[in-house]
**Q** 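This is the structure I want to talk about, given as structure tokens.
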Amino acid sequence: MTMQAQLGDKTFTLERFPLDQKNRSLQAWDSADEYLIDYVSEHHPDCRSLLILNDSFGALSCYFSHKQLTVCSVNDSYISHQAAAYNLAENKISAITFSQLDSLSALPEQVDLVLIKVPRTLGFLQYQLSELSEVLAPGTPVIAAAKTKDVHNSTIKAFEQFIGETKTSLAVKKSRLIISHAQGGYKAADFPVNWPLEGTDFTISNHANVFSRDSLDIGARFFFNYLPETNKAKSIIDLGCGNGVVGLMALSRCPNANITFVDESYMAVESARLNVELNMEAKYEQCSFVENDCLSGFERDSVDMVLCNPPFHQAQAVTDHIAWQMFKEAKDTLKEGGELRIIGNRHLDYHDKLNRMFGNCKLLGSNKKFVVLSATKNTGML
Ligand code: SAM
């Protein structure tokens, strides 16, 4: 992995998180970061308080954090928060003027300048711009950056709708800037999104950046056919819980289970929490909700079952390293005899992965698109 970053007039060593990813070609910054840095250095050299949204691995935070500049970085990703803190520390940058907020916290008022890395999800961008419209003083510049291919008419429209007059820059190294100025006045965005969960009385509430926000994921729907059903007390983890539909359905079929909902998105974990509270309030005390990178830091040999509908991308990159990490850490966290049960796209060949990792893997069900697999931790047999 390339780690030496020349950003403007400074050099940093920057790493992606988690640290042990296999894809060595990916780096922790991109040409959109470089463009933002060059633009701000030229046009806003006197900025004293900066708000940064969606800085994936802390490249912008590292560049801009110094004694004369207060930096607040807002992110929906727990991993991004970890990466920024790590990269600041590794580059010996004092964090005295640096702070981080999650995506659902109130934004700071009175900032000189806002920088945005345009997120993948338009709805999340709309949510963030709406939140900005509530706090920004009229005239505050908002500069966003993205790969040219990710700047659509709808992206520009969102800036015009929520912030104010907007123009775009020329493309440089396949990235483009979106330059806007707050016109003042709050513009609301319609989040969370609610929908009824088919076949149940549940209503599912989804914050703006949640996976499959507008309807039930087809993989999750198929997975529902293979969830556990028992009256026994069981400890279950819904790993990569998103809005929590898998854990919620498991709870409805295992009424005495303790369920831990885990995701690296703050909005996902909060949506899952909301969905248990709204739909199964009587069971709320049996549940816990944790922002985390997979199961790192969880107690070994401590749970009966891990349910998982794994992701296959991180930020803009398609990758299976997160699924691998989830399976490996699920194995560590399961008790002897405990089970990992997953849903996956057929073509991803998780069967082979799990067989190699657990020494066994059973096919519980399949259709044209998906397989549901079960692997049991049985260290005695390995
Ligand atoms: N369980 C939900 C469902 O079935 O609709 C969501 C499944 S979605 C395919 C995968 C989830 O994994 C996303 O919510 C994503 O935020 C989460 N995720 C991605 N990387 C993660 C990580 N390193 N640790 C924990 N969760 C992660």
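Throughout, residue positions are numbered sequentially from 1 according to the sequence presented. Read the numbers this way: they start at 1 and go in the same order the structure lists the ligands and their atoms.
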**Q** Looking at ligand 1, does any of its N/O atoms fall within less than 3.5 Å of an N/O of D238?
**A**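 N/O-N/O distance under 3.5 Å: no.
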**Q** Check this for me: does any side-chain nitrogen of one of D217 and R221 sit under 4.0 Å from a carboxylate oxygen of the other?
**A**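 Result for this pair is no, no salt bridge flagged.
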**Q** Using a 6.0 Å cut-off, check whether atom CD of E277 has over 12 heavy atoms from anything other than its own residue.
**A**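 Atom CD in E277 is packed in, count exceeds 12.
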**Q** If we count only N and O atoms by modelled type, under 3.5 Å, do the side chains of E339 and T376 hold a donor and an acceptor together?
**A**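 There is no such pair between these side chains.
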**Q** Relative to ligand 1, is C241 under 4.0 angstrom through side chain, backbone, both or neither, heavy atoms considered?
**A**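 C241 to ligand 1: backbone contact only, side chain stays beyond 4.0 Å.
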**Q** May I ask you to check if ligand 1 and N309 share an N or O to N or O distance below 3.5 Å?
**A**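 There is such a contact, yes.
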**Q** In terms of atom number and element, which parts of ligand 1 are under 4.0 angstrom from non-hydrogen atoms of D293?
**A**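 Heavy-atom distances to D293 below 4.0 Å select 22 (C), 23 (N), 24 (N).
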**Q** Among V262, L216, D263, whose heavy atom sits nearest atom 15 (C) of ligand 1?
**A**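 Among V262, L216, D263, the closest heavy atom to atom 15 (C) of ligand 1 belongs to D263.
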**Q** Hey, is K117 close enough to D30 for a salt bridge, meaning N to O under 4.0 Å?
**A**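 Looking at D30 together with K117, the answer is yes, because their closest N to O distance falls below 4.0 Å.
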**Q** Is there at least one pair of N or O atoms, one from D217 and one from ligand 1, spaced under 3.5 Å apart?
**A**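 The answer is no, given that D217 and ligand 1 share no N or O pair closer than 3.5 Å.
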**Q** With sequence neighbours excluded, tell me which residues meet side chain to side chain contact (heavy atoms under 4.5 Å, CB included) with S235.
**A**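 Counting only residues at least two positions away or on another chain, S235 forms a side chain to side chain contact (heavy atoms under 4.5 Å, CB included) with V303, D304, K335.
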**Q** So, regarding A220 and ligand 1 (criterion: nitrogen or oxygen to nitrogen or oxygen, under 3.5 Å), is there a contact or not?
**A**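 Between A220 and ligand 1 (N or O atoms, distance only) the closest approach is not under 3.5 Å.
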**Q** Could you tell me whether D301 and K377 have a side-chain N and a carboxylate O separated by less than 4.0 Å?
**A**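 Salt bridge flag = yes for K377 with D301.
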**Q** Measure the distances from the heavy atoms of Q325 to every atom of ligand 1 and state whether one is below 4.0 angstrom.
**A**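 The answer is no: ligand 1 sits nowhere under 4.0 Å from a heavy atom of Q325.
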**Q** List for me each residue that meets side chain to side chain contact (heavy atoms under 4.5 Å, CB included) alongside P192, sequence neighbours excluded, and say none if there are none.
**A**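 With sequence neighbours excluded, P192 shows a side chain to side chain contact (heavy atoms under 4.5 Å, CB included) to S205, H207, given in chain and number order.
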**Q** Which of the numbered atoms in ligand 1 are below 4.0 angstrom from a heavy atom of V246?
**A**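 Those qualifying, in numeric order: 4 (O).
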**Q** P310 near ligand 1, heavy-atom distance under 4.0 Å?
**A**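 Judged by the 4.0 Å heavy-atom criterion, P310 does count as contacting ligand 1.
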**Q** Salt bridge check: are D349 and K353 linked by an N-O gap of less than 4.0 Å?
**A**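 Answer for the salt bridge query: no.
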**Q** Does C294 reach ligand 1, in the sense of a heavy atom lying below 4.0 Å from it?
**A**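 Yes, C294 has a heavy atom closer than 4.0 Å to ligand 1.
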**Q** Could you tell me whether the side chains of N355 and Y350 share a donor-acceptor contact shorter than 3.5 Å?
**A**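 Y350 and N355 do not have a side-chain donor-acceptor pair below 3.5 Å.
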**Q** Heavy-atom contact under 4.0 Å between N292 and ligand 1?
**A**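 Heavy atoms of N292 do come under 4.0 Å of ligand 1.
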**Q** Would one find an N or O of G240, backbone or side chain, under 3.5 Å from an N or O of ligand 1?
**A**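 Yes, at least one N or O pair falls under 3.5 Å.
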**Q** Find all atoms of ligand 1 within a distance of less than 4.0 Å from any non-hydrogen atom belonging to I79, and give their numbers and elements.
**A**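 Listed by number with element: 23 (N).
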